[in-house]
Amino acid sequence: MNILLLGSGGREHALAWKLAQSPLLTKLYIAPGNAGTASLGTNLPLQPTDFGAVKTAVLAYAISMVVVGPEDPLVQGIHDFFLSDPDLKQVPVIGPARKAAMLEGSKDFAKQFMIRHGIPTASYRTFDRSTIDEGVGFLHSLKPPYVLKADGLAAGKGVIICKTREEAISEFTSMLTEERFGAASLKVVIEEFLSGIELSVFVLTDGKNYLILPEAKDYKRIGENDTGPNTGGMGSVSPVPFADTRYMQKVEKQVILPTIRGLAKEEIDYRGFIFFGLISVKGDPFVIEYNCRLGDPETESVIPRLQNDLVGLFSAVASQTLCDETISVDPRTAATVMLVSRGYPGPYEKGRVITGSDAVTGSLVFHAGTTFSKTGMDIISNGGRVIAVTSLGATQAEALAETYKNASKVVFEGKCFRKDIGFDL
Ligand code: AMP
Ligand code: GLY
């Protein structure tokens, strides 16, 4: 079958790499893709949120499955768009419909859902412009640090953690009155700060059945020892030692099962990945966020460990027969380090020529923000996160050593990366 994969990051390169290995695949198209995905299929110059252009491509290239990488098209309803179009409704979309994607698209919706279904999460309240005074009063009732979250999608930047009450009140007020995150901060969630180690858990569901994929840990801060501003993610490892069988049983019982049952009970048909952003408090998992997609750079560590045929798994999602599948996982550790542009996560440089990828041996190179130069002769940087290097090793130390060896071979001006991925595990 021909598959169209939407997105352009390291996650999509890793998915494309996996899909391309399937004997069930005929042709792979990636929209818009990057310089890395171009070696695995055909990049199409269209934006995933331009549903009309996606439809044209699906019909032009006889696509029989669409796999959605990022959240925006899902939250904007690409799955619903397919279901309501007579020409497209036979084409399965891997990624939830709009209502289900609200688990990521609205923090307030996600919090209410968790409360309704008894899923452990930080206590919280939601405020809007008409309830700023109550919000300030609520901040007075909490102890520092303070967690403020823009309700809607804010490209990973919508969470602010404030050390002092003064700062929290000022940020909270500006989020609501100045719409700091546009429409995303028309509502703001204030929640209890949870202290603990974070874990990313991924589930693939067909709405009835689910499979748990390998877990991963993401390193979000720009600086070593988890310091400095948040980024999209500077590296990842999978598996995560503290997430042993006993811990994962807790996650399944206390978080995954009530989520899947809650969706079914509310007749929310979810077909795709659910990403549980967890924080472990005294050995118990709490949900800090849901995402309606895979994580990036977690995917770059998780997908190389997955031994199943991914097209087969996606077909089972479409036919709601995931109950017939089991996940098969490479027991080795995967370690990913993200090479980023100087300046990131602030304003960063672009257009730097990237060399040295050909010299990499023993690691996988997944492109994130890359494209071709105008002449087509060079691969150049085109984003804050540029390239992810992933290795598999018998131990985390071995995987990281290989990754760092190869990370140094990839060269572009202003290349930065964290040298301490996995330091806390
Ligand atoms: P999110 O954008 O929801 O992934 O949140 C970004 C980061 O903020 C998370 O990865 C956590 O490190 C942190 N965070 C979010 N909610 C909380 C919370 N309730 N307590 C402590 N840290 C949090
Ligand atoms: N790495 C975290 C995310 O994809 O949201």
Side-chain angles (χ1 to χ4, degrees), residues 7 9-12 14-15 68-72 74-75 101 103-111 114 119-126 142-163 168 171 175 181 184-185 188-202 213 215-222 226-238 240 273-281 285-303 336-338 340 345 366 368 384-385 388 418 421 424:
R11 167 183 51 212
E12 286 74 24
L15 286 169
V68 186
E71 64 276 18
D72 292 298
L74 295 167
V75 172
L103 283 182
E104 175 166 3
S106 165
K107 303 266 188 209
D108 181 50
F109 176 87
K111 294 298 279 189
M114 288 186 258
I119 296 158
T121 188
S123 60
Y124 82 107
R125 279 180 63 190
T126 303
L142 297 176
K143 287 200 216 67
Y146 303 89
V147 183
L148 310 175
K149 298 186 170 182
D151 176 55
L153 291 186
K157 299 196 172 67
V159 176
I160 304 181
I161 299 187
C162 305
K163 289 206 178 81
E171 293 284 1
M175 278 168 98
F181 299 98
S185 63
V188 172
V189 168
I190 301 180
E191 77 179 28
E192 170 201 9
F193 180 86
L194 299 176
S195 178
I197 191 156
E198 288 180 45
L199 180 72
S200 303
V201 170
F202 304 98
L213 303 176
E215 77 288 350
K217 183 157 194 310
D218 173 21
Y219 292 81
K220 283 208 171 81
R221 304 294 197 96
I222 188 72
D226 286 342
T227 52
N230 263 335
T231 68
M234 296 294 291
S236 60
V237 294
S238 173
V240 180
F273 293 105
I274 312 179
F275 168 163
F276 300 86
L278 305 178
I279 207 157
S280 186
V281 183
F286 282 70
V287 177
I288 46 172
E289 62 168 347
Y290 286 114
N291 292 310
C292 59
R293 51 169 173 89
L294 286 176
D296 193 349
E298 291 95 326
T299 305
E300 291 91 310
S301 286
V302 168
I303 288 292
T336 300
V337 169
M338 193 58 93
V340 307
F366 294 123
R385 295 192 292 170
R418 268 180 68 167
I421 298 306
D424 54 342

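Note that the structure is predicted; figures quoted are calculated from it, not measured. Ligands are counted one by one from 1 in listed order, and the atoms in each one are counted from 1 as well.
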Minimum-distance protein heavy atom relative to atom 7 (C) of ligand 1: N230 ND2, 4.0 Å

Residue, atom name and distance, where the atom is the protein heavy atom closest to atom 13 (C) of ligand 1: I161 CD1, 3.7 Å

Nearest heavy atoms of Y124 and T126, plus distance in Å: CE1-OG1, 3.3 Å

Closest heavy-atom pair and its distance - P145, I161: CB-CG2, 4.1 Å

Donor + acceptor pair across side chains of E298, S236 (<3.5 Å): no

Close N or O approach (E289, ligand 1; < 3.5 Å): yes

For D108 against D151, the heavy-atom pair lying closest together: N-OD1, 2.8 Å

Closest heavy-atom pair and its distance - G232, D218: O-OD2, 4.0 Å

Side-chain donor/acceptor of E192 to backbone N/O of A122, under 3.5 Å: no

Atom 18 (C) of ligand 1 - nearest protein heavy atom and its distance: E191 OE2, 3.6 Å

For ligand 2, the residues whose heavy atoms come within less than 4.0 Å (ordered by chain, then number): D218, G232, F275, N291, R293, G295, D296, P297, E298

Salt-bridge contact D226-R418 (side-chain N to carboxylate O under 4.0 Å): yes

Minimum-distance pair of heavy atoms, taken over all atoms of A388 and T336: CB-CG2, 3.8 Å

Contacts of type side chain to side chain donor-acceptor pair (under 3.5 Å), residue K107, not counting sequence neighbours: none

Atoms in ligand 1 flagged as close to K107, the criterion being non-hydrogen separation under 4.0 Å: 3 (O)

Nearest-contact summary for atom 8 (O) of ligand 1 - protein heavy atom, Å: V159 CG1, 3.6 Å

Nearest neighbour of atom 12 (O) of ligand 1 from the list E198, K220, R221, E104, on a heavy-atom basis: E198

Side chain T121, main chain F286, donor-acceptor under 3.5 Å: no

Polar proximity ligand 1 side, L194 side, N/O cut 3.5 Å exclusive: yes

Under 4.0 Å to a heavy atom of K149 - the qualifying atoms of ligand 1, by number: 15 (C), 16 (N)

